[in-house]
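Working notes, structure below.
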Amino acid sequence: MKTDELREMYLSFFESKGHKRCPSDVLVPTWDPSVLFTPAGMNQFKDHFLGKVKLDFARATTCQKCLRTGDIDNVGRTAYHQTFFEMLGNFSFGDYFKRDAIHWAWEFLTSSRWLGIDADRFSVSIYLDDDEAADIWQQDIGLSSDRVERMDEYDNFWPAGAPTEGPDGVCGPCSEIFYHPPGGGQEVEIWNLVFTQFNRVGSPPDNLRPLPSKNIDTGMGLERTVATLQGVDTNFHIDTLRPLVEAVSDVCQVAYQPDSDAGRRLRRIADHVRACAMAIHENVYPGPQKEKYVIRRLLRRAVLDGHQLGLREAFLYQLVPAVVEVMKGPYPDVGETTGRVADVIKNEETSFLGTLDDGLARIEHLFAQLRSDHRNTVDGAAAADLYQTYGVPPEVFEALAAEQQLAFDWEGFQSAMEAHGEASGRLSHSVMDVKGPEATIKQVLHSVEFLGYQTAQTDAELKFIIAGEQLLDRWSAPGPEAAVRLVLDRTPFYGEAGGQVGDTGEISTDGVRFVVTDTDREGDLLLHRGYLLEGELRTGNRVLAVVDAERRLAIRRAHSATHILHHALQQNLGSHAQQQGSKVDGDWLRFDFTNLASIPAEQLAEIEAAAVACIEAAAPITATTVPLAEARRAGAMMLFGEKYPDPVRMVSMGDFSKELCGGTHLDNTRDVGAFEITAEEAVSSGVRRVVALTGDKAREHAERTRATLEEAAQLLQVGPLQAPSAAADLARSVRELKKELSGGGQRTESASDAAAAPSGSRPTYAEVKQALRQTARTLNVALFEVPTRVRSLQAEVESLEQQRQQLVTSGDVSVDRLLEQATRLDECQLVIAEVPGANPNLMRHLIDRLRQQAAPIAVLLAASSGDDKVVLVAGLSGELTDRGAHAGKWVAAVAQVVGGGGGGKPDLAQAGGRRPEQLPAALELAVDVLQQQLHGG
RNA sequence: GGGGGAUUAGCUCAGUUGGGAGAGCGUCUGGCUGGCAGCCAGAAGGUCAGGGGUUCGAGUCCCCUAUCCUCCA
């Protein structure tokens, strides 16, 4: 039996038993914070099990794409471990229970109409005291007692060990079905039937409370079951995966021998590349965090296996077509993204190979150190350090160490990694928690009627008051510190979702005013977060809920503009430019999308112009609720990573944009008013971010841009469009002045462009924007910091000019002049002098020249800079340092007199102080100090 | 979300109680050789990522921000 046949047979069997056939959920359920990836078929039904949502059906069956990395080390080594796999399952939400679940499982496995497997090939396990299940298996089905094994809570309870160790929440016993292959091979667990019938509360004993409605949750590993049916010894040899392994073997040019080390690596590569391709297909790219990081790690492990097999160039991406070939049957849409997925993989593996090269250099460095220390073991902690900081994989480390006859301390490595794990903090999340006031509310109130599409205000009944984790009947504490959440039976307030921020506004009744600062969403509940201004709230009150209409309108402008931008991006960049995330606030929006390269300014301007054209086209905007299938036919934008309800709300703009969206929108695109893209940047590799403004904010931004450029131009005394070149001149003159002062050299007269006359006509906004951007870039500051920066540069020029002037008027501070002032001390020349206007660099130059010309010599030069600072530099020629003099100590002692300190090397040192008026006294002291040093006093 | 690191010349990077901003490669100029390869000499090239703080003095110490790398969850 083929894989595709088993999948289809399972689903149609349960359809024939009244189950709704649901499609596989996405691989990354963004709506579920407790998991990174969908780990099992039941995941998409969590809310159904908990009664959190209204049920349209009580029985479902699925084939679910799953990803698990818990046992990643076993992949390739064992027969059945995989990271990506498919799971068949049937589910009951308070409908049928153990008896039907077991009977149907048995019928599917053994009936000749279905799988028709010999009943003698099966045995089952059940939970210790689950007599109900035991009876069904033995009495109804007729299994002999030696084929029904009772196991403890760690084997036959879900979650494992729950009665004793928790977590609290929904749980129950399970029953596993084992297949015994003919010929006496190892038995295989192929199906697990979970009977969720308890709510665990606290520690044993008596902590398992029966649930009012009991559920069934079963899981049959597709690949594993196929492997047993096909009589092959590992999942990797079934009809779908064997060709993939062969493809890996081809690309790697390593013959596939199942039992060899290389064979294990080939299987692992096959598994990992399939997992990566399926995830990337759903727009989950390799990245530095969370699910993205898991994908990066999977990809790297595969690359590393290839590396160990001798490959040094990117190769994984070549396997994408093979993966598509295998997966496009059940998931036809994977065929649409082959090129994109391959590009992403190629990019990522290329950059990883670069990282590996860096790692090799660091490993070399460490080996050199070991050799010089005459040690023969690579310290595990040091290796862990390199791994954590630079990503040097331990496997590579070990292999290279072996070449150098060095041992690798795996134990030390592991414990260091564990310590790192602790230090990084672990998230603990229970699989299903039914705690918190929101859960309590949901038992009573399944959803809140949302009226915000039609109106900004409505009367309503106050149903619940949530303060912290408690439900209250009344609330009277005023002020922002006393924040609570309110639940109404209906509301015009939009709760944050789909990137659109929550509404603000006011909820009031006679003598009571409550400020809504934000609106959240918990499932279908809308929670108004805020505080009381006056009065007392009581549940049951009739209240008036009023949204801040002006802000809501600004949000609508931004949201409609977001759809327009999405459309413009796809038109301009291509259909790969898909939404990766978005945030919509009042007249402000942020839009992340898939694109490998940055977008040049000209292209960005084109995109902006295209968006503006859509706005000016004054296209009508409509929202309709239609069946999902109809929306798909209409060509609405569907995102792979999104989970859509059915029916869906489809927002259309003219004939250019159709998106599935629950947000609030304008009635006509013209109402967006102004639109401007203000930033384009990277979010992570392969993802770009655009920030844009609409309406009032866009207009204000344009005003401000114009005003800022004009201010800068005025400071620079040029016309607005000459600001960039004038700013460049200014920056250049600062650089040249600094160089001149520090080098003591001659000033090279810079050919500064004469200030051009302001141009006659008023520059266009595009020109203004361009000019300000360019100015900001030359000055290396943010757009609106330009005038500030210009002022500070101008001040710097002035002060540098002053210094230069001082230096010029102080006459020629030449080596000769200083030597004329020299006195004698013992056999040496001694120069102690003030050099007005000089800086430390110039003084050092002078000292160098004096030492060259007149050794043995001691020099101490001083200058006051500014009003309240003194700089001192001292230098000694070799003869004097040999005799025990120390420039650092010398200059430090002298600097004390001017209220400072200093230090440096024996032959050259520098100091400073804050009291210029004491400088003469200090210089006088300098002679004595040096004399004492030379005479050991 | 948390831990570790990086950011210095066009490129690759060094910079050690805080006290002269450096090397190699590349570029340019000159020289050696009959010419080239090559060798020698010299030069140009820096807002030490940005901002704040400590200090007489910060590439170096502290804080913040940005970007990138990396590990853990």
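Chain letters run A, B, ... following the sequence lines, proteins first, then strands; residues in each count from 1.
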Between E348(A) and R296(A), is there a salt bridge with N-O shorter than 4.0 Å?
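Yes, this pair counts.
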Hunt down the Watson-Crick or G-U wobble partner of G30(B), both distances under 3.5 Å, from any strand shown, or write none.
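Because both required distances fall under 3.5 Å, G30(B) counts as paired with C40(B).
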Determine whether the aromatic ring centres of residues F413(A) and F397(A) are separated by less than 6.0 angstrom.
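Centroid separation for F397(A) and F413(A): 6.0 Å or greater.
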What residue pairs, at least two apart or across chains, pass salt bridge (charged side-chain N to carboxylate O under 4.0 Å, His left out) with a residue in residues 881-908 of chain A?
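Residue pairs passing salt bridge (charged side-chain N to carboxylate O under 4.0 Å, His left out), neighbours aside: D826(A)-R883(A), R851(A)-D907(A).
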In whole angstroms, how far is the [atom2] atom of [N] from the [atom1] atom of [X]?
X: D385(A); N: C71(B); atom1: CG; atom2: P; answer: 13 Å
X: I295(A); N: C72(B); atom1: CD1; atom2: P; answer: 14 Å
X: Q388(A); N: G4(B); atom1: CD; atom2: C1'; answer: 7 Å
X: L861(A); N: G20(B); atom1: CG; atom2: P; answer: 15 Å
X: K905(A); N: G18(B); atom1: NZ; atom2: P; answer: 14 Å
X: R914(A); N: C56(B); atom1: CZ; atom2: P; answer: 6 Å
X: D907(A); N: G20(B); atom1: CG; atom2: C1'; answer: 10 Å
X: R844(A); N: G20(B); atom1: CZ; atom2: C1'; answer: 4 Å

Quick one: label [X] by what it contacts on the DNA or RNA (base, sugar-phosphate, nothing), any heavy atom closer than 4.0 Å.
X: A911(A); answer: base
X: R300(A); answer: sugar-phosphate
X: G391(A); answer: sugar-phosphate

Whole-Å [atom1] distance, [N] and [M]:
N: G30(B); M: U55(B); atom1: C1'; value: 47 Å
N: A21(B); M: U16(B); atom1: P; value: 15 Å
N: G4(B); M: G20(B); atom1: P; value: 32 Å
N: U60(B); M: G52(B); atom1: P; value: 14 Å
N: A37(B); M: C69(B); atom1: P; value: 40 Å
N: A73(B); M: U65(B); atom1: P; value: 26 Å

Within less than 4.0 Å of OP1 or OP2 of C72(B), is there a side-chain N or O belonging to Y387(A)?
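Yes, because at least one side-chain N or O of Y387(A) sits under 4.0 Å from OP1 or OP2 of C72(B).
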Looking at C71(B), does its base get a donor-acceptor pair with the side chain of H420(A) below 3.5 Å?
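Donor-acceptor pair under 3.5 Å: yes.
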